[in-house]
Amino acid sequence: QLQLVESGGGLVQPGGSLRLSCADSGFTLDAYAIGWFRRAPGKEREGVACINAMVERTNYADSVKGRFTISRNNTKNTVYLQMNNLKSEDTGVYYCAADYAYAYSCAFDVWRYNYWGQGTQVTVSS
């Protein structure tokens, strides 16, 4: 079973950048669609970005288009979320999740995703 681990979170000033990583040490991720979700304080979990298996089709929430980029390095068995021009509203816990059954599509429906990481905190503040 997958055990996803996120890393790369931290405290950054508005306008700064962070790169989050999502990895699994035991299973290859290239057969899974991977989604990044976040939960801001007092808000529902929302999908941020996703990438499908193999073909590298991506999808982004409107709030992050042009600022965030999702990518995958199958050699390193890692999916990245590059976050640029960060805003205070990007603050939250970021989770990666893996979807096998619908791996060749890419969507933010939570029910698709069978495996979730523990999350990494991103705080954007001056």
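Predicted model only: the values in this text are computed from it and were never measured.
Tyr115 and Tyr32 have perpendicular rings, their planes meeting at more than 60° on a 0 to 90° scale where under 30° would count as parallel.
In this structure, the side chain of Arg72 engages the main chain of Asn52 through a donor-acceptor pair within 3.5 Å. Although no hydrogens or angles enter the test, the distance criterion places a donor-acceptor pair under 3.5 Å between the side chain of Asp24 and the main chain of Gln3.
Between Pro14 and Ser126 the shortest heavy-atom distance is CD-N, 3.7 Å. Scanning all heavy atoms of the two residues, the minimum distance from Asn59 to Phe108 falls at O-CZ, 3.7 Å. Considering all non-hydrogen atoms of both residues, Asn84 and Ser17 come closest at OD1-OG, 2.9 Å. Closest approach of Leu20 to Gly9, counting heavy atoms only: CD2-N, 3.6 Å. The nearest pair of heavy atoms linking Ala31 to Ala103 is O-CB, 3.2 Å. Contact detail for Gly117 and Glu6: the closest heavy-atom pair is CA-OE2, 3.1 Å.
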How far apart are the C-alpha atoms of Asp90 and Lys87, what are their side-chain angles, what is the distance that settles it, and do they pass the salt bridge (Lys or Arg N to Asp or Glu O under 4.0 Å) test?
CA-CA 5 Å; Asp90 295 318; Lys87 304 176 181 180; over 6 Å; no
Test side-chain contact (heavy atoms from CB on, under 4.5 Å) applied to Leu86 and Gln13, step by step
CA-CA 8 Å; Leu86 283 160; Gln13 293 186 342; over 6 Å; no
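Taking CG from Asp30 and CG from Asn77, the interatomic distance works out to 7.0 Å, rounded to the nearest 0.5 Å.
Side-chain contact between Asp99 and Asp109 is absent, with no heavy atoms from C-beta onward closer than 4.5 Å. Side-chain contact check for Ser105 versus Arg112: some heavy-atom pair is nearer than 4.5 Å. With a 4.5 Å cut-off on side-chain heavy atoms, Ser125 and Leu11 count as touching. The shortest side-chain heavy-atom distance between Tyr60 and Arg67 does not fall under the 4.5 Å cut-off. Side-chain contact between Leu4 and Leu29 is present, with heavy atoms from C-beta onward closer than 4.5 Å.
No more than 12 heavy atoms of other residues, nucleotides or ligands shown are found within 6.0 angstrom of CD on Gln118.
Both Tyr100 and Ile51 belong to a single network of hydrophobic side chains, linked directly or stepwise wherever heavy atoms of I, L, V, M, F, W or Y lie under 4.5 Å apart. Under the 4.5 Å side-chain contact rule for hydrophobic residues, Ile34 and Val5 do not share a cluster. Met83 and Val124 fall within the same hydrophobic cluster, where Ile, Leu, Val, Met, Phe, Trp and Tyr residues are linked whenever their side-chain heavy atoms come under 4.5 Å apart, directly or through other members. Under the 4.5 Å side-chain heavy-atom criterion for ILVMFWY residues, no single connected hydrophobic cluster contains both Ile70 and Tyr80. Both Val122 and Phe68 belong to a common hydrophobic cluster when Ile, Leu, Val, Met, Phe, Trp and Tyr are linked at side-chain heavy-atom distances under 4.5 angstrom.
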Which pairs would a plain distance check flag for residues 40-50, meaning a side-chain donor or acceptor within less than 3.5 Å of a matching protein atom at least two apart in sequence or in another chain?
from  : atom 1 : to    : atom 2 : distance (Å)
Glu46 : OE2    : Arg38 : NE     : 2.7
Glu46 : OE2    : Arg38 : NH2    : 3.1

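In this structure, Tyr102 shares a hydrophobic cluster with Trp111, the cluster being traced through Ile, Leu, Val, Met, Phe, Trp and Tyr side chains under 4.5 angstrom apart.
Applying the ring pair (Phe, Tyr, Trp, His ring centres under 6.0 Å) criterion to Phe37, with sequence neighbours excluded, gives Tyr113, Trp116.
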